[in-house]
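Right, one structure below, let's go through it.
Just follow the structure's listing: the first ligand is 1, and inside any ligand the first atom is 1.
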Amino acid sequence: MNKIFSILLFLFPFSGFSQTIKPKFEGQATSSTEKVDTRNHAIIPQWRGQQTLGNITFDNGFDGARLNGITQNNDTLYTAIIAAENYPINPSPWYAFKVTSKTPKTIWIHLTYLNAKHRYFPKISRDGKTWPSVDSTDCILVKDPQAKNQNFQDNALSESAYVRVRVDHKITWIAAQELITSSIVSDWSKGILRNKFVSSEIIGKSPQNRSFQCLRIGEDKSDSKIMMVIGRLHPPEVTGQFALQAFVESLCMDSETAKKFRKEYTVYVVPMMNPDGVDNGHWRHNTGGIDLNRDWSDFNQPETQIVRDFLRKKLNGTKSKLYFGIDFHSTWDDIFYTNITEKPTNMDGLIKRWFETLEQTIPDYKVNARGSKPASGVISKAFFNKEFNSEALVYEVGDNTSRDFTILKSKTAAEKLMLLSLEYLK
Ligand SMILES: [Zn+2]
């Protein structure tokens, strides 16, 4: 270990993941979802390709990659700089890059950020498919000793992180979360489409010409009772993507409840709302440089317009109704953002009853929910409610929530939603 590094370790205390009492994330401040200007805001394109420093090559020339600069400090230490597509931006500093070495070697990579702190505990992959977290002994989080001790959000984050990796001629991927690009989601959709009651249509194209695939699940040709599932408005929010996939897979199950449900309800699914942002390795925005989940009132961006127009065509001037809308995201911890509505919705009380059922079904589970009035809302749940009188919510999964629990909860959520929706028909 080099001298500067030893001094740094001495100067800065580092934290692991041990917490005796897990505090509850209370939700984002209401001010963070207030109306903002969603007209295009220029982005800074990321330089892409390979950079070789001695025997080591760093590569960001692939979908989902983000590495804005790399330098060699000494024989074993490299410093990476990670920057956002533009600023200001929510602190979700995504990174993903590949490393190879002509000869096998152990190196340290210092992850540093432009105008942000370190948030995502590094994942390492040797095959691009499985993404274990690095061993805690191989990651040193550098905390600012002056930072206030808060449990969630920016103040709780480390300034930067040192990651130790063994590299060789085979690719080693290092990423903030599992790398789930638009083409991987499209491959997942192909699996869902093998069910005879699922069809798909392209409902639009992103500014960079990526397809907006919308899956249709259901056997009722009249389309009279509609539910809408969307996800991945925000590129690093991979745990939300896992929850969406488990949810949709459960709607396609072979159970009696699922079969009855699909005879009555039609579910439309847009699993990838920001394909350009995801494939460009963005922290949050689309290629218009905008947070798409602040554009559900002004609709300045093509991505939100596509879903708005799709729903208007299905619902306006027809006998069809939207009963339920759900938008999958990730944040600091599991939480649901709900609507506090003034008039009864098309399936009034569904979400409240759904939460009660989830608590009764999942052992030791307590719902963490926060409501806000949809009236001036600019996020998807407000739009689903205001325009179509639907029950709607944002389903947030913690960045570090166990993947097994994420899937279990989401499957249970889908099963219970189907059961409750059938009860409304009685
Ligand atoms: Zn989000």
Side-chain angles (χ1 to χ4, degrees), residues 25-36 38 41 64 66 84-95 116 119-120 152-154 157 176-182 185 206 228-247 269-297 301 303-304 307 325-339 368-372 374 377-384 392-401 406 409-410 413:
F25 175 54
E26 305 284 353
Q28 63 192 349
T30 315
S31 60
S32 70
T33 55
E34 277 167 7
K35 198 171 162 81
V36 288
T38 59
H41 178 184
R66 179 141 297 250
E85 56 276 17
N86 62 12
Y87 296 88
I89 195 161
N90 170 293
S92 11
W94 171 261
Y95 54 88
R119 171 166 175 177
Y120 300 106
F152 291 104
Q153 306 217 356
D154 216 22
L157 300 179
Q177 294 283 34
E178 297 86 339
L179 183 72
I180 309 291
T181 60
S182 73
V185 174
S206 71
M228 188 80 211
V229 177
I230 62 172
R232 209 67 187 282
L233 284 149
H234 299 141
E237 299 185 3
V238 172
T239 56
Q241 185 96 52
F242 292 150
L244 179 149
Q245 292 180 185
F247 188 88
V269 186
V270 180
M272 176 55 69
M273 284 290 303
N274 187 2
D276 294 346
V278 166
D279 290 354
N280 283 290
H282 284 184
W283 289 12
R284 190 166 179 93
H285 299 161
N286 67 343
T287 47
I290 294 301
D291 180 344
L292 292 173
N293 212 20
R294 300 293 179 273
D295 189 41
W296 294 93
S297 170
Q301 298 300 317
E303 290 90 340
T304 47
V307 170
I326 185 166
D327 181 4
F328 285 90
H329 287 256
S330 308
T331 185
W332 313 95
D333 203 356
D334 289 18
I335 189 165
F336 297 111
Y337 292 114
T338 55
N339 286 318
N368 183 18
R370 183 166 174 168
S372 62
V378 293
I379 67 177
S380 59
K381 72 177 172 78
F383 165 69
F384 293 144
L393 82 167
V394 178
Y395 187 122
E396 298 264 9
V397 183
D399 297 332
N400 300 316
T401 302
T406 300
K409 181 172 141 188
S410 193

* Structure fact -> Per residue His234, nearest N, O or S atom to the Zn ion (ligand 1) is named ND1

* **Residue of the set Arg232, His234, Gln241, Glu396 for which side-chain hydrogen bond (donor to acceptor under 3.5 Å, both in side chains) holds with His329** => His234

* Which residues satisfy the ring pair (Phe, Tyr, Trp, His ring centres under 6.0 Å) test with Phe328, sequence neighbours excluded? -> Phe247, Tyr395

* With a 4.5 Å limit on heavy-atom distance, are the side chains of Asp295 and Phe383 in contact? -> no

* **Pairing residues for Asn90 by the side chain to side chain contact (heavy atoms under 4.5 Å, CB included) criterion, not counting sequence neighbours** => Ser92, Arg119, Arg284

* N/O/S from Glu237 sitting under 2.8 Å away from the Zn ion (ligand 1) -> yes

* Asked: Considering only N, O or S atoms, which atom of His329 is nearest to the Zn ion (ligand 1)?
  -> ND1

